[in-house]
Amino acid sequence: MTTPIPAEDERLFAYPQDRSCPWQPSPGYRELGEGGPLHRVGLWDGKSIWMVTGHAQARRLLADPRMSADRSRDDFPAVLPRLDAPIFKPIAIIGFDPPVHDIHRRLLAPDFSLKQVRALRGSVEELAGRLVDDILRKGPPAELIEDYALPIPSMVISELLGVPYDDHAFFEAMTVGLLQAKSARDAEAAGQALWDYLDKLITVKEREPGGEGVLSRLVGQVDEDGDLTREDLVRIALALLIGGHDTTSQMIALGVVTLLEHPDQLAALRADPGVLPAAVDELLRMVSVTDVSGVRVATEDIEIDGHVIRAGEGVLVSSSMTNRDPEAFPDPYRFDVRRAGGHNVASGRHHLTFGFGIHQCLGQNLARMELEVAFAVLFDRIPELRLAVPLDRLPTRSGGTMQGVHTLPVEW
Ligand code: HEM
């Protein structure tokens, strides 16, 4: 779908454009990327922005302290109409610059460490196993988003934060409402409902200290004159709840689709389970589920590769395209679970799906672990799994940056 650009420059490439294949970027982006690493593209509001498709340029810009992530700035670009909603300005951690960003990130880091994530793995394996038991008991066909891809990250983030999973239907619907809203008004309504819910939950935790989860731990650290105000805490809860489940659930779903559509790669993975970590990184690279590694605004003029990004101009780093820069990934459109070198995953992990620089995804250890468990358990327990509808009939998301499918019917 190509959106018409109203004002500034009729000839600009319109951003965003829909994919025609669930794991490949929009054909329009491919053409654009072939023309160089930086491009001016037009947005829904008639404004223009830099779109970065080169891997090296993206890393340079995302690591540059002259690039601000502060969404409360007037010149911060709203890449989609929903991102114009006041609830997104500012959103915790991801929408702050240092020093506040670093202070809040340090407060959360212990809950997302590799050690902490490893300790959770056994319970995620049990959870995935129970979900597959239910799927097999009910018999084919199954609805893989509702029955598997969503409950895994949703239960994990509930437990981690200390949000009651009994409320999952509410917070899942509001998150999708927020992330898929076509207007700032709809996004604001969904965001406000989540805000009110988390605000009440934090009040309960204040009254009953000593509970499990990140929120109970942080409630004790709230200090209105210090590093963490109560409003900061609600914002952090909102960012983690939103960031923690839709991304991962759609990555599980699109990962399953990609593997099923590449039977030779699925067979290679089955033949050697040691390939799993590399396969997960290759899936993260291919699918680039958020389609964006980061949006920023330049606070000073920045020269890069013969271009000048002027102070006040917006920059959007495309993950799907930087992940297909042939300088960084030879034969980049090919899906190869062994790309990262079998057991050595180091080389394949330089994709930009989790961003780069100080805002690089806080939940990436957790997401990688959930993905490894989700694929391993599903394909081990249901080896004959296949799509129940042809690929071109999958109801895919459109008009935004967050990729996904609304439903994923499977059979065996
Ligand atoms: C496949 C799943 C995921 C993907 C593709 C993803 C992607 C991203 C990306 C691209 C960024 C950087 C944005 C920027 O620089 O502007 C980011 C940041 C972040 N992510 Fe994730 N994410 C995933 C899962 C998670 C999970 C499970 C959590 C938490 C439970 C999480 C929490 C965060 C947070 C808090 C930040 C902000 C970090 C900061 O600003 O310092 N993400 N994520």
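Computed over heavy atoms, backbone and side chain alike; hydrogens, waters and symmetry mates excluded. One-based numbering, in listed order, for ligands and for the atoms of each. Throughout, numbering of the chain's residues begins at 1 and tracks the sequence.
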Sub-4.0 Å atoms of ligand 1 with respect to non-hydrogen atoms of Val292: 10 (C)

Could you tell me if any non-hydrogen atom of Phe356 lies under 4.0 Å from any atom of ligand 1? no

Taking N or O atoms only and a 3.5 Å limit, does His359 qualify as a polar contact for ligand 1? yes

Less than 4.0 Å is my threshold; does some heavy atom of Leu62 fall inside it relative to ligand 1? no

Aromatic ring pairing Phe329/His350, orientation class (parallel under 30°, perpendicular over 60°, tilted between): parallel

For Arg230, is there an ion pair with Asp199 - N to carboxylate O distance below 4.0 angstrom? yes

Check ligand 1 against Ile157 and write out every atom of the ligand that is under 4.0 Å from a heavy-atom position of the residue. 30 (C)

Quick check on Val156 - does any of its heavy atoms sit under 4.0 Å from an atom of ligand 1? no

Taking NZ, NE, NH1 and NH2 as the nitrogens, is one of them in Lys89 or Asp84 under 4.0 Å from a carboxylate oxygen of the other? yes

Hey, which atoms in ligand 1 end up nearer than 4.0 Å to a heavy atom of Arg296? 14 (C), 15 (O), 16 (O)

Going by the atom numbers of ligand 1, which of them fall below 4.0 Å from some non-hydrogen atom of Val289? 5 (C)

Is the shortest distance from a Lys or Arg side-chain nitrogen in Glu300 or Arg310 to a carboxylate oxygen in the other one below 4.0 Å? no

Relative to the heavy atoms of Gly244, which atoms of ligand 1 are at a distance of less than 4.0 Å? 26 (C), 27 (C), 28 (C), 29 (C), 30 (C)

Determine, for Arg60 against Asp305, whether the closest basic-nitrogen to carboxylate-oxygen distance falls under 4.0 angstrom. yes

To check you understand the geometry: which heavy-atom pair defines the closest contact between Asp70 and Ser72, and what is its length? OD1-OG, 2.6 Å

Heteroatom distance test (Thr247, ligand 1): nitrogen or oxygen, under 3.5 angstrom: no

Testing Ile302, Ile309, Ile304 one by one against Asp64 for a side chain to side chain contact (heavy atoms under 4.5 Å, CB included), which residue passes? Ile302

For His101, counting its heavy atoms only, list the atoms of ligand 1 lying under 4.0 Å from any of them. 39 (C), 40 (O), 41 (O)

Which residue and atom name correspond to the protein heavy atom nearest atom 11 (C) of ligand 1, and how close is it? Phe354 O, 3.8 Å

Between Tyr333 and Arg324, is there a cation-pi geometry (under 6.0 Å to ring centre, at most 45° from the normal)? yes

Would His39 and Thr53 satisfy side-chain hydrogen bond (donor to acceptor under 3.5 Å, both in side chains), going step by step from the backbone distance to the final call? CA-CA 8 Å; His39 321 266; Thr53 56; 2.8 Å; yes

Can you tell me which residue and heavy atom of the protein come closest to atom 28 (C) of ligand 1, and the distance to 0.1 Å? Gly363 CA, 3.6 Å

Among protein heavy atoms, which lies nearest atom 25 (C) of ligand 1, and at what distance? Gly243 O, 3.4 Å

among protein heavy atoms, the one nearest atom 36 (C) of ligand 1 is Leu362 N, 4.0 Å

Which option wins on minimum heavy-atom distance to atom 13 (C) of ligand 1: Ser293, Cys361, Pro153? Ser293

Between Phe112 and ligand 1, which residue portion shows a heavy-atom distance shorter than 4.0 Å: side chain, backbone, both, or neither? side chain

Ligand 1 atoms in contact with Ile358 (distance to a heavy atom under 4.0 Å): 41 (O)

Would you kindly check if the NZ (Lys) or CZ (Arg) of Arg40 is within the cone defined by 45 degrees around the ring axis of Trp50 and under 6.0 Å from the six-membered ring centre? yes

Taking only heavy atoms of Thr353, which atoms of ligand 1 are found under 4.0 Å from at least one of them? 5 (C), 7 (C), 10 (C)

Is the Tyr15 ring parallel, tilted or perpendicular to the Tyr29 ring (thresholds 30°, 60°)? parallel

Once the angle between the rings of His168 and Phe171 is folded into 0 to 90°, is it parallel (under 30°), tilted (30 to 60°) or perpendicular (over 60°)? perpendicular

